[in-house]
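Worksheet for the structure shown next.
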There are 6 protein chains.
Amino acid sequence: MEALPKKVIEIAQDINKMKIRGAGKIAQVAVEALKVVAESSNAAVTEDFMAEIKLAAKILLQTRPTAVSLPNGIRYVLWRLMQAKKTIEEVEDLKTCVINVADQFIKNSKVAIQKIGEIGARRVKDGDVILTHCHSSAVIAVIKTAWNQGKKICVNCTETRPLFQGRITARTLGQVGIPVTMIVDSATRHFINKVDKVIVGADAITANGAVVNKIGTSMIALVAHEARTPFFVAAETYKFSPETMMGDSIVLEERDSSEIISSKLLKTMKNVFIRNPSFDVTPAEYVNLIITEKGIIPPQGAVSIIQQEYQWFISNEMDTL
Amino acid sequence: MEALPKKVIEIAQDINKMKIRGAGKIAQVAVEALKVVAESSNAAVTEDFMAEIKLAAKILLQTRPTAVSLPNGIRYVLWRLMQAKKTIEEVEDLKTCVINVADQFIKNSKVAIQKIGEIGARRVKDGDVILTHCHSSAVIAVIKTAWNQGKKICVNCTETRPLFQGRITARTLGQVGIPVTMIVDSATRHFINKVDKVIVGADAITANGAVVNKIGTSMIALVAHEARTPFFVAAETYKFSPETMMGDSIVLEERDSSEIISSKLLKTMKNVFIRNPSFDVTPAEYVNLIITEKGIIPPQGAVSIIQQEYQWFISNEMDTL
Amino acid sequence: MEALPKKVIEIAQDINKMKIRGAGKIAQVAVEALKVVAESSNAAVTEDFMAEIKLAAKILLQTRPTAVSLPNGIRYVLWRLMQAKKTIEEVEDLKTCVINVADQFIKNSKVAIQKIGEIGARRVKDGDVILTHCHSSAVIAVIKTAWNQGKKICVNCTETRPLFQGRITARTLGQVGIPVTMIVDSATRHFINKVDKVIVGADAITANGAVVNKIGTSMIALVAHEARTPFFVAAETYKFSPETMMGDSIVLEERDSSEIISSKLLKTMKNVFIRNPSFDVTPAEYVNLIITEKGIIPPQGAVSIIQQEYQWFISNEMDTL
Amino acid sequence: MEALPKKVIEIAQDINKMKIRGAGKIAQVAVEALKVVAESSNAAVTEDFMAEIKLAAKILLQTRPTAVSLPNGIRYVLWRLMQAKKTIEEVEDLKTCVINVADQFIKNSKVAIQKIGEIGARRVKDGDVILTHCHSSAVIAVIKTAWNQGKKICVNCTETRPLFQGRITARTLGQVGIPVTMIVDSATRHFINKVDKVIVGADAITANGAVVNKIGTSMIALVAHEARTPFFVAAETYKFSPETMMGDSIVLEERDSSEIISSKLLKTMKNVFIRNPSFDVTPAEYVNLIITEKGIIPPQGAVSIIQQEYQWFISNEMDTL
Amino acid sequence: MEALPKKVIEIAQDINKMKIRGAGKIAQVAVEALKVVAESSNAAVTEDFMAEIKLAAKILLQTRPTAVSLPNGIRYVLWRLMQAKKTIEEVEDLKTCVINVADQFIKNSKVAIQKIGEIGARRVKDGDVILTHCHSSAVIAVIKTAWNQGKKICVNCTETRPLFQGRITARTLGQVGIPVTMIVDSATRHFINKVDKVIVGADAITANGAVVNKIGTSMIALVAHEARTPFFVAAETYKFSPETMMGDSIVLEERDSSEIISSKLLKTMKNVFIRNPSFDVTPAEYVNLIITEKGIIPPQGAVSIIQQEYQWFISNEMDTL
Amino acid sequence: MEALPKKVIEIAQDINKMKIRGAGKIAQVAVEALKVVAESSNAAVTEDFMAEIKLAAKILLQTRPTAVSLPNGIRYVLWRLMQAKKTIEEVEDLKTCVINVADQFIKNSKVAIQKIGEIGARRVKDGDVILTHCHSSAVIAVIKTAWNQGKKICVNCTETRPLFQGRITARTLGQVGIPVTMIVDSATRHFINKVDKVIVGADAITANGAVVNKIGTSMIALVAHEARTPFFVAAETYKFSPETMMGDSIVLEERDSSEIISSKLLKTMKNVFIRNPSFDVTPAEYVNLIITEKGIIPPQGAVSIIQQEYQWFISNEMDTL
């Protein structure tokens with residue numbers, strides 16, 4: 001079996017060193033790497049070709065063990081390749097299969113945000129007050145699409161401690177003319193009665209419909225639930241985590257204390273420690289629906305998406321990887 | 001009728017210009033002013049004396065129309081004076097009455113925080129993890145008293161945006177050796193399952209047991225309620241608002257945007273506005289109990305306290321003021 | 001002992017035959033009857049006078065066994081008379097006592113609606129959308145008072161099946177210029193998110209704060225609770241039922257089927273029966289506060305009102321009646 | 001391409017002018033029209049045939065833009081035709097395909113109510129008290145089937161303002177011997193504790209399991225949820241709305257004020273307006289299960305039904321229509 | 001000061017050694033002891049008499065530090081004695097005061113159960129199914145009184161692990177003819193929909209209305225709350241704990257493992273430990289009302305009872321003891 | 001058509017007489033019987049073979065009409081046979097199909113518990129306190145697997161009245177070194193705040209995600225829900241009941257009174273009856289997720305599993321059986 005092409009190794013390293021960022025980008029680049037393998041393969045028999053692709057898949061999977069989109073991209077290609085292998089006998093045809101499937105995934109991934117914008121915007125009504133938290137491309141797409149359709153909407157956004165990503169959201173939406181009111185995160189309940197809809201993004205969605213997103217999301221979901229304000233999540237399907245079907249929990253990253261208080265100031269405070277988790281988990285029962293590029297689903301439909309798109313559940317063939 | 005003594009006018013001005021701060025301090029100083037009037041009065045007949053006191057009361061009440069403790073202090077003295085008047089006929093005896101009652105109120109007020117500390121500490125168990133929000137003298141008293149009794153407790157405190165009063169709480173408690181973990185406000189739900197009790201202070205308590213306190217308190221109360229974590233409020237009885245029995249709503253102050261984001265930065269953001277309310281309202285159903293210097297009551301017991309201590313309800317005599 | 005004056009018998013008959021209607025009116029008239037007894041009594045010794053009054057009280061109580069305001073009025077006078085009796089020895093003084101206390105009750109009762117209007121209106125804000133059900137003088141007073149203060153409010157009212165009392169409410173409020181939107185009773189949940197406050201009246205309030213009111217009230221309370229919309233009850237204190245402290249349940253009247261469907265039409269429907277209860281019971285947990293002429297209380301404060309105003313609880317002396 | 005047969009145009013007009021009513025009937029007639037097109041087509045090549053069918057589909061879809069069952073019927077045929085087209089090359093075979101699939105849909109649709117009756121009746125126990133709202137053929141089928149199985153059941157039905165459809169339900173069930181108790185809509189909560197099950201129909205079911213039905217349904221669902229009384233929906237699968245997966249909201253019709261109050265009477269009421277929505281939306285969390293002709297599903301299973309029966313989600317081929 | 005009479009010491013020892021059992025009995029006997037002190041006192045001046053009584057009180061209080069009824073009885077007498085002392089100057093008069101007040105307390109206490117039976121029975125309707133847990137004299141009184149009034153009721157009772165007190169309840173009620181259905185404790189939720197009311201006793205009631213009772217009570221309360229089944233507590237007022245107003249928590253006794261599993265069997269099970277708490281705490285929000293011998297109150301009214309009957313709150317004079 | 005082989009009859013009798021126990025075992029043995037039929041069949045044409053298999057299936061289905069796993073096993077084989085029949089024409093090939101499919105089912109079934117152990121253990125964290133009820137092999141597998149992975153966990157288990165199966169659980173887990181605390185069933189709420197996860201087994205899972213399990217399970221689920229403690233169910237997919245999709249309710253067995261109280265003792269208690277249901281029903285909303293051997297799903301995903309594994313829903317072909 002031949003060595004993997006140099007470009008694949010480079011891509012793996014870029015992902016590992018976090019030169020490539022964003023769930024969509026990471027998945028696209030990893031799938032691109034599989035395509036490179038296919039294009040440059042010199043395999044003479046199908047077994048060799050399969051082995052090359054699987055090796056590349058393994059290496060790519062190891063670059064970011066906690067990512068959700070990356071294994072989804074890899075799995076998308078591999079599963080379709082394995083199905084094709086059952087009836088295809090020529091190496092060249094398998095190559096074509098990988099290239100086509102990779103292109104298809106990349107294309108779908110690239111237009112996912114735009115599609116979410118279109119689908120989600122249909123749920124926004126003229127005059128709506130929308131509250132959001134942190135900064136999400138999918139949410140921005142929904143709001144901007146609705147605004148561009150001429151709907152006169154207002155946005156409430158939290159500042160989103162500790163890193164103030166809410167300011168990016170505010171600036172981005174304000175720039176196109178949308179009136180934005182920014183509040184501290186803990187003021188959400190005070191304002192919720194005047195909000196028509198909450199829309200947030202997601203970092204990952206688990207098998208039982210729980211939503212992993214920026215710290216504070218679950219409190220906002222609870223507040224919306226208490227006030228019967230609809231709570232929507234906008235997320236690409238490659239954010240759905242098949243591993244959680246097999247029992248894995250999403251790892252919730254904890255970041256440096258200096259994001260919350262300067263180290264210098266902290267040193268002056270005896271016996272004071274900082275906890276700084278980046279994410280929390282919103283249970284499915286507080287989520288009214290999830291807007292994906294494939295359509296709107298209830299959070300309990302996550303398991304269907306995972307099966308249909310990423311084939312983890314209905315087969316154990318993938319386990320052999 | 002004679003003019004009010006100069007000192008009373010000075011006190012009124014000091015309260016008005018916010019030279020005197022803190023709910024307890026304001027009430028004490030206002031009551032002190034009534035005592036000054038009594039001490040320096042030259043009234044020959046009781047009617048004149050009553051008129052002087054009532055005039056002073058009126059002036060003092062106007063200095064801070066939205067304060068809660070100030071009218072409570074005034075009313076405490078006036079009611080007892082009016083009752084005494086029914087059987088007393090000598091001016092000197094009425095003077096003595098005002099002086100004694102004033103002294104009594106001031107003394108009670110001064111020891112209130114310490115008493116709350118003692119009563120509340122009985123509810124704290126060895127090993128408890130206590131979460132608090134913002135900075136409250138009453139809460140500090142409860143926690144420190146429990147710590148000094150040798151109970152090994154930990155504290156979680158929010159940073160409390162926008163003004164970071166949580167840092168003062170953290171520093172104060174850390175200094176005496178209590179381990180404190182500080183988190184961003186919106187991380188409360190993420191940590192609540194490891195918390196044994198939430199204890200917060202109050203700026204005002206209404207007739208139907210709602211608690212007015214620092215913005216974010218009601219979200220924390222909701223989060224505690226969801227997780228069945230007991231939620232306690234520590235508050236002196238002069239924080240109970242008789243006016244709310246007559247239908248008044250507590251005025252919720254809204255402060256400057258620069259507390260949240262610098263004016264310079266805000267100017268660069270088109271169509272972005274700031275809302276910065278200082279307080280929110282926690283409904284009685286999320287409050288397990290209120291720790292007062294008179295003992296522990298359920299929030300629905302607020303109306304009893306108001307009647308018993310400040311006599312608004314059972315009589316309309318006060319309306320004639 | 002002499003026979004009761006003719007006028008008392010007439011009053012008793014008028015109450016019994018429902019010539020006198022309205023909780024307030026009934027109580028006033030019954031108390032008036034006691035006053036008549038006092039004024040026309042020829043009793044020479046206090047025992048005789050007491051016996052006369054108690055006899056009149058008994059007769060009056062039997063006229064409408066399920067009314068709430070009637071025994072409250074009687075009890076108000078009797079209790080104060082029994083207290084007075086302990087120190088008074090002259091029949092004339094006891095007469096004066098009954099007359100004065102009766103006048104006091106009647107006066108208070110007459111201004112109760114107006115006072116509720118004033119207190120409740122303080123809770124209404126400019127721009128509020130208020131939903132009400134059925135027709136209540138106390139609610140009308142609150143809304144009109146707020147409107148007359150220049151607050152630009154809107155009202156949603158249900159039509160209130162089966163007797164369409166909502167139309168009276170709509171007409172009454174519309175007449176003074178308030179914009180009223182009328183809906184079918186079952187549409188309340190559909191509109192609740194645009195409602196700022198629900199305010200309803202009460203036929204009776206029980207010892208544990210439950211509210212007896214027009215059928216449908218408890219569903220609206222539930223809907224408001226679900227949406228976190230404040231739910232207020234406006235009720236005079238003579239609607240508070242002391243009997244419920246002693247275990248009695250409020251009797252919920254069931255009325256004729258013809259209010260719902262004409263008898264002629266019903267006859268054409270085989271095996272179809274009608275149930276037509278006039279009232280239902282709203283539990284205290286769905287009631288944010290009760291607006292009384294004495295001030296605002298939480299529903300759990302009902303028991304305090306009953307004790308304080310009608311003395312059932314703290315004494316068994318009344319049982320001897 | 002030839003013109004569409006005259007009969008198809010007639011059918012389209014009949015649907016548009018509401019000569020054809022009932023969700024099932026509309027879908028059946030529309031599918032019948034596609035069958036007519038196939039039967040009368042003179043197309044020589046498959047492309048022409050496809051074009052004819054698609055044209056007919058477009059015209060039929062435009063007749064009632066807010067109907068749910070109509071596009072479901074059309075889509076059912078089209079999707080199967082498009083799949084067949086992949087392997088079939090003769091126009092005659094495509095015709096046969098359309099005719100068979102149309103017959104299959106119509107047959108399924110016709111027996112759907114009966115099947116729902118059979119499946120639902122298994123959930124009804126001897127002695128059950130069942131509450132229903134408005135008038136639904138599917139609910140009638142469930143109740144009658146259970147009754148015919150010898151189960152001694154009682155029914156509570158609301159009168160269902162404003163149009164009193166509850167009377168039709170009462171009459172229909174009473175006629176076969178079932179004891180029916182009719183109440184005003186707002187009395188539901190008063191009686192719910194004696195009810196064993198609530199069963200209602202549906203006008204449409206959305207992707208996330210929300211149920212669109214007669215105004216008042218969502219209040220009854222809330223009341224049942226509060227009392228832990230099971231709440232069932234009986235609905236044919238062609239009531240499931242695929243469009244809602246793409247973000248569309250169900251349009252909630254608002255009807256004339258004269259249904260609620262006569263125009264003459266309304267004119268006498270100044271500043272009084274009527275709102276008369278025909279439907280409301282019951283969230284999935286208040287629905288225990290949905291009885292379809294395909295079996296019982298949880299409301300969150302709606303998205304599966306939509307995919308499986310009407311193929312919107314898993315393919316974008318339909319979008320090209 | 002003289003030694004305490006021998007009988008007082010004996011009573012103290014009997015209480016301490018648990019020869020006297022039952023909350024009512026303990027309180028009565030302790031109060032009896034104070035009466036003995038008064039009767040046998042040789043004190044010449046009032047100060048001496050007061051000292052004797054206070055000494056007896058102290059000794060009695062120490063016999064059972066966790067009891068609730070005992071300090072209530074003592075406090076009842078002491079408070080009234082201290083009030084009397086303000087105007088009484090003769091030792092004999094103080095003696096009489098103690099004797100009278102003690103008699104009054106004992107009499108009230110003895111008839112408390114019967115009064116609760118009468119008041120509570122008014123809440124029971126013909127045909128009711130009542131569920132109870134463990135064995136409570138107050139509950140037995142309510143049920144028997146209702147039965148004796150001719151109400152045809154049924155009772156569901158739990159067996160009440162670990163000591164099967166439910167069997168005593170079943171036997172006692174069955175004996176008078178009431179049909180009793182006994183179930184395992186954990187079957188409560190399965191049967192709750194057929195239950196009309198839950199009525200349980202209490203070991204103690206805290207300042208904020210929480211109910212301390214036999215382990216399992218709080219689960220049954222939760223189950224009743226979920227199903228909207230009314231949950232009543234029947235308890236004498238001397239079960240209300242004034243100490244909890246001052247922050248004390250009720251001590252929840254934990255008993256021997258052999259009540260759950262024989263020591264012999266347990267020894268054969270490695271690493272298996274037993275926890276056997278006798279009581280749990282039911283929060284006020286799951287309690288609809290409390291039936292006391294003074295009348296029915298909401299749980300939040302506990303604080304009023306404590307103040308009114310046992311005077312802890314309104315005065316600090318008691319602290320000096 | 002030939003008679004069924006003797007062994008099949010024996011198996012049917014063994015199942016019927018409950019010689020074979022355990023959901024997994026029953027299903028395996030029934031499927032084994034179908035394999036025996038295939039192996040010993042002398043059918044010459046496929047129709048005969050199909051008839052033999054169907055006859056055997058019918059007989060086996062009748063042996064235990066209320067079992068869930070048995071029809072699932074039968075259906076698993078039959079469905080795959082019927083699909084194969086469409087393209088296979090040789091009897092021998094159909095035999096092979098039945099044998100292979102039967103082996104596959106039996107193998108999957110045998111490793112199901114182990115797989116559940118592996119998947120479930122990933123959800124258990126070091127330091128977790130896990131509460132369980134009754135005795136479930138799947139739960140034991142999850143806990144033991146986690147323990148063997150070196151996670152330091154503790155277990156709380158109920159004693160599980162009436163048959164004390166909790167003792168088996170306690171002994172089994174204690175034996176491998178896991179510290180187990182056993183409590184009475186009704187103490188669950190008292191301890192729930194110190195529990196990190198509840199994991200229970202299931203006897204059956206219905207189409208809408210409800211869980212049928214040992215009496216008491218639904219109370220524990222409610223208690224966990226109240227305290228926001230995650231509630232997991234561990235169940236093999238053959239516990240999912242397809243019949244419930246067709247409207248059938250799971251039959252809840254009721255067992256002998258002597259399990260609760262000895263007949264001798266019961267005889268001494270007049271008018272006392274015992275109800276002893278073995279199972280109760282936990283609604284889907286209290287279940288966070290279900291751990292199956294196919295992966296983790298939300299309870300609402302039950303219907304997907306039923307369709308996918310046991311094909312009831314998507315076809316009516318099975319009905320012809």
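Chain identifiers are assigned alphabetically (A, B, ...) following the order of the sequence lines, protein sequences preceding nucleic acid strands; residue numbering begins at 1 within each chain. All values derive from a computational prediction rather than experimental measurement.
Interface with chain F: from residues 268-288 of chain E, residues Thr268(E), Met269(E), Lys270(E), Asn271(E), Val272(E), Phe273(E), Ile274(E), Arg275(E), Pro277(E), Phe279(E), Asp280(E), Val281(E), Pro283(E), Tyr286(E) qualify, criterion being any non-hydrogen pair under 4.5 Å. Close approach to chain E, defined as a heavy atom under 4.5 Å from one of its heavy atoms, is seen in Gln175(F), Gly177(F), Ile178(F), Pro179(F), Val180(F), Thr181(F), Met182(F), Ile183(F), Val184(F), Asp185(F) of residues 175-185 of chain F, taken by number.
The parts of Thr188(E) that come within reach of chain F are both its backbone and its side chain, each placing non-hydrogen atoms under 4.5 angstrom from that chain. Looking at Thr160(F), there are no atoms closer than 4.5 Å to chain E (heavy atoms on both sides), in backbone or side chain.
Rounded to the nearest 0.5 Å, atoms NZ (Lys214(E)) and OG (Ser186(F)) are 8.5 Å apart. The OG1 atom of Thr158(E) sits 11.0 Å away from atom CZ of Arg161(F), with the distance rounded to the nearest 0.5 Å. Atoms CD1 and CZ, from Ile220(F) and Arg189(E) in turn, are 12.0 Å apart once rounded to the nearest 0.5 Å. To the nearest 0.5 Å, the span separating OG1 on Thr217(E) from NE2 on His190(F) amounts to 12.0 Å.
Interface check for chain E: of the options Leu266(F), Asn156(F), Val223(F), the most heavy-atom pairs under 4.5 Å are formed by Val223(F). Comparing Ser257(F), Ser218(F), Ala187(F) by heavy-atom pairs within less than 4.5 Å of chain E, the highest count is held by Ser218(F).
Using a 4.5 Å heavy-atom threshold, the side chains of Ile261(E) and Glu159(F) count as separate.
In terms of heavy-atom proximity, Arg167(E) sits nearest to Ile260(F) at NH2-O, 3.3 Å.
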Next on the checklist: Working note: Leu222(E) + Met219(F), criterion side-chain contact (heavy atoms from CB on, under 4.5 Å); need CA distance, chi angles, decisive distance, verdict.
Outcome noted: CA-CA 9 Å; Leu222(E) 175 62; Met219(F) 277 180 84; over 6 Å; no
